[in-house]
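Computation of the quantities below employed the complete heavy-atom set of this structure, encompassing side-chain atoms and omitting hydrogens, waters and symmetry-equivalent molecules. Numbered from 1 within each chain, the chains take letters A, B, ... in sequence-line order.
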Number of protein chains: 4
Amino acid sequence: MSPQKELQVGVIGAGRIGKIHAQNLATRIPAVNLAAIADVNLAAAVELANGLHIAQVYDDPQKIIGDPAIGAVIICSSTNTHADLMIDAAAAGKHIFCEKPVDYSLQKIDLAIAAVEQAGVQCQIGFNRRFDANFRKVRELVQAGSIGDVHILRITSRDPAPPPIAYVKVSGGMFLDMTIHDFDMARYLSGSEVVEVFAAGTVLVDPEIGQAGDIDTAIITLKFANGAIGTIDNSRKAVYGYDQRVEVFGSAGMAAAANNHPNTTVYSNAEGVISEKPLYFFLERYAESFLAEMRDFIDAVRHNTPTPVTVTDGRKPVVIAMAARKSLEENRPVRISEID
Amino acid sequence: MSPQKELQVGVIGAGRIGKIHAQNLATRIPAVNLAAIADVNLAAAVELANGLHIAQVYDDPQKIIGDPAIGAVIICSSTNTHADLMIDAAAAGKHIFCEKPVDYSLQKIDLAIAAVEQAGVQCQIGFNRRFDANFRKVRELVQAGSIGDVHILRITSRDPAPPPIAYVKVSGGMFLDMTIHDFDMARYLSGSEVVEVFAAGTVLVDPEIGQAGDIDTAIITLKFANGAIGTIDNSRKAVYGYDQRVEVFGSAGMAAAANNHPNTTVYSNAEGVISEKPLYFFLERYAESFLAEMRDFIDAVRHNTPTPVTVTDGRKPVVIAMAARKSLEENRPVRISEID
Amino acid sequence: MSPQKELQVGVIGAGRIGKIHAQNLATRIPAVNLAAIADVNLAAAVELANGLHIAQVYDDPQKIIGDPAIGAVIICSSTNTHADLMIDAAAAGKHIFCEKPVDYSLQKIDLAIAAVEQAGVQCQIGFNRRFDANFRKVRELVQAGSIGDVHILRITSRDPAPPPIAYVKVSGGMFLDMTIHDFDMARYLSGSEVVEVFAAGTVLVDPEIGQAGDIDTAIITLKFANGAIGTIDNSRKAVYGYDQRVEVFGSAGMAAAANNHPNTTVYSNAEGVISEKPLYFFLERYAESFLAEMRDFIDAVRHNTPTPVTVTDGRKPVVIAMAARKSLEENRPVRISEID
Amino acid sequence: MSPQKELQVGVIGAGRIGKIHAQNLATRIPAVNLAAIADVNLAAAVELANGLHIAQVYDDPQKIIGDPAIGAVIICSSTNTHADLMIDAAAAGKHIFCEKPVDYSLQKIDLAIAAVEQAGVQCQIGFNRRFDANFRKVRELVQAGSIGDVHILRITSRDPAPPPIAYVKVSGGMFLDMTIHDFDMARYLSGSEVVEVFAAGTVLVDPEIGQAGDIDTAIITLKFANGAIGTIDNSRKAVYGYDQRVEVFGSAGMAAAANNHPNTTVYSNAEGVISEKPLYFFLERYAESFLAEMRDFIDAVRHNTPTPVTVTDGRKPVVIAMAARKSLEENRPVRISEID
């Protein structure tokens, strides 16, 4: 297919996630052309662009947003820029893929939502785990009625190591930075909305995280509109690796997804039977999901069909995270209706 | 060994659990002689006794308690008789094995505790899951420091089917009837005491359970004295069988126990890869644990060493269950100190 | 049930297997009474009898065989006594359970078979693995047509450690001592007869085993009458424990059984994910199968129904073992018809 | 990096494997430029080239071989063209990646080997499974001494469905077409050379395969130079999917690799516990290995280091396959020295 028929896209943000999206767009998705890369750190943008043979490189995202040839922008810059870039891109008539979270403020999120709706552009939020083969299969089983009515949802989500304290201080807190994926997953798997939240959280991994005003270990209980209940457990440090498991239990059965490992090799010796630890962190564990979500976004844009993760889907986990924080502060269950 | 040197015991209650304990005492535990069986339903006692060649059969437990030759009594009668029988047996200087729960009333439990302490007899409560190979191994790993400091405890406990509604009405409620095992397991695995409880519970399996004033599905969040947090999920009906899983996560690793199955056979065909469901219910799943706990009891009595599950161990889960009930009723976290 | 209505049995041989059978008969099987124990080592017989409260203890098996009250004898003495005891017991009208192998000589086996047939007594050979839950399930799947026509059979059977060299010298060789279980299992699972054998065998574990004239590592290829092919691999030393796995592959699927472990606990730490090794050796691994086979034997005797493992079933694996030995010696495939 | 510094390669053959290699070279391997594609079926070459934006498309491989700008050729055409193309490419000074097998005739293979050695070009043969994460890990454990001395090697390799009969007729037979991968894997995992082969083979899947002069089910026993023994089982039809398992057992332990599945989801219901079947066939199962082997080839060429799978590695499995065929025909073990 000649380049002119391909969708032209620009990536804003050349950090870890930006690199992944750029590589996928440049090499693994048909009918799309990665035309430009921008990052306030021009050197980072240049390095990424060179490796992918991308000609247009900028230190200013507006260059991409203002380019009439660009049909869609991929926003992978720091969280505090997301909402404004979405508003600008929408105003410029660009379709938008934006990394999570949209913002930490419902007010700003609502401005972005309004801009997207007014412009009538496609918008997809980067909750990539929905595109993971394990979780997608669990959802399919739930949607197909294979487990009957959903009764109990369980999510375990533990990182191999906490982020730097400097990051912790500006992250918005564990619920907005880390559990937000699990709040989205809870909606995705249960097929229902969270109505109430009770958060038990504490500092067990690193006292400095507590000094920074955050927690590193939590159990969040959820009540859903459809009557189901759920529990999420998080830790910022699992020494054995990245632990990402879900389970949906219902009237007709249970669907559960375990971790992925680098290989299936089992080694038995006089001491025991040893298997590989889970894949270390999100870059390895979710590599295919980043590709799948981007393919689906490009597909939705090219065919003008609804994106699988809308900007409203991007808003709801933020509301739940806020309710969780209030619940933790006041040590009581909090209704979503108290927040929003 | 001649019968005279063997410990003479009497079993009170010839129901399901009584049968198991009687069979084990009669055939699988050395240095003990099952001398007598009593049940208010004499026919049940007679049938059990005949099958095991036991001569002394009664419809009155006092016959066993009053028999000077009997050294220990095994109380497996209905819950509402436990405390009084313990008091009588202690007064008669009998060592006591009593099924859980001791009673639903802390007042009655305290009377039984006082009687046992005053008499100085050995007393063990039937929290058999502590003697299960899976859970014992998890505890060993925790005690050995293999997982470091305990951070997160997870327990899943689901029955294959709910009890009859008539039983539900007199059971004391799901927390006292079913979750009480998990409250004990939480103490056993964490090595700490529960200080706070938040219960989310609902009726999803059978509306009649709700009409009977109980729930059938719950998630209970626990906070421990050592700073750890935990979550228990229960359901009265798992269509795939008896689901009994635990997991302890800490600073140095994680220990998890899965279900037991009737065999390890895996069948692959054009539809999928099929394994056996878990063992159906507690009689199959915990058969070895009933034997192990009784062996340990007889051993403690014969050697005058502390029993592994004391009457105080029998009291604490009742307190936690009461806190859970209060938490459910008032939809707030409840401190143990509010109850006891 | 009064003792007179129970089947009276006597155990000949108070070694490891004799102890197991005696304990099961004395305590875990209804409607049978273990009346007598004999062992040329009287002290061993006395110790076993005392622990089980058995009155009649002898150093001469003929005392049991000659006792008119005894209905069945359980032969667990050394292999070289099996055939003669079977002949004597049959002549005395006793039903017979005999441990494997019946004998290493087809001639002697045939004499025993003739005696059993002439006397019309029940006879069961101790191929206990047929009664194991895993292998029984695999056979059920095969019999039910769930895997279609049998194509490929695989058996792995490895001991945790070799027997003493003194034993190796009189064992008849690995094929008759160890692989004989697998030859029986091959018949049991395939539902067919072996027609040809090719044995590849070597000494890799201990040179002294080679000096004793035996091998310790082997792969035996089988061809079945129904067209299926199979492979058995043996080793006298698996450092991780007792490895007992089977797999039957066919036109409609595959049924495979894995090892049993002492518990299902999985421990994850910074080094890896560690599970328990398999149960150490046959006493732990096959405990339930020894009980099941004895229950079935007593049942067959009491109800006069065919035993599940006949003396002919005891003969066929010996023939296959002989073919394997010839194949190894001559390094060529050997037809069963060349042996028998 | 500018295109001039990149290695220029040409792919010969635009079939299934050619497509995979071409896509990987075009999009996922740095420092290489896929400059040309040739296929006697020009339409196939054109379609592949267009999708990857490759300018030079031919129906004649000599156009690639004769192009001075091309540094390496990737030979993915039909087997009967491999040897001649290797010879031509070597003569033209091109480095060579050639799909397996090199040829079915040792004579032709030797001509190709001579040409490669004389030209001093790099040459890698496409035994991609060596690059699979599971098998590579098993080999690492063996090489590290983690299992001690190799005693028993087991390989299971079953396809989900047989090839068309027309293909069977020209495939060279199952041992050369299918088992050849396992013969290579046996060398790769054992770290030793096969010295003797015994093949048991039969027709159980499809009689037409037998009428075409081939077999579809086999068990091959191997003896290695280092004293180890091994067994390979093959079937042309496993209804549950592509079964690719290996196991190496030794004096210090065992390393085993199981199948890969599309996800880790486990579904439990009233019927059983159901997991996904293995990935369906080699395109899905070995996708990463095709990328890994090509990356390693390009790397070896660019840095002038030895290729990980040499043309001699390509010759040895052909010899073993010939020995297997002779063994099957004559129903006896065959020494490798009888063939070569």
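Side-chain rings of C:Tyr242 and C:Phe281 approach one another, their centers coming within less than 6.0 Å.
With a 4.5 Å cut-off on non-hydrogen atoms, D:Thr217 touches chain C through its backbone and its side chain both. In this structure, chain D has a heavy atom under 4.5 Å from the side chain of C:Lys223, while its backbone stays farther away. Proximity to chain C (any heavy atom under 4.5 Å) is restricted, for D:Asn234, to the backbone atoms N, CA, C and O. Neither the backbone nor the side chain of C:Asp206 comes within contact range of chain D, judged by heavy atoms closer than 4.5 Å. For C:Thr221, the part sitting under 4.5 Å from any heavy atom of chain D is the side chain, from C-beta outward, and nothing else. Heavy atoms of C:Asn331 lying under 4.5 Å from chain D belong to its backbone as well as its side chain. If you measure heavy-atom distances from C:Ile152 to chain D, the contacts under 4.5 Å come from the side chain alone.
In this structure, C:Arg158 satisfies the cation-pi test against D:Phe249, with its NZ or CZ atom closer than 6.0 Å to the six-membered ring centre and inside 45 degrees of the ring normal.
In summary, D:Arg187 and D:Asp313 engage in a salt bridge, as defined by a charged side-chain N under 4.0 Å from a carboxylate O.
Among C:Val203, C:Val205, C:Val239, C:Leu204, the residue making the largest number of heavy-atom pairs under 4.5 Å with chain D is C:Leu204.
Each of C:Pro101, C:Ser289, C:Pro317 was evaluated against C:Phe127; a single residue qualifies, C:Pro317, per the side-chain contact (heavy atoms from CB on, under 4.5 Å) test.
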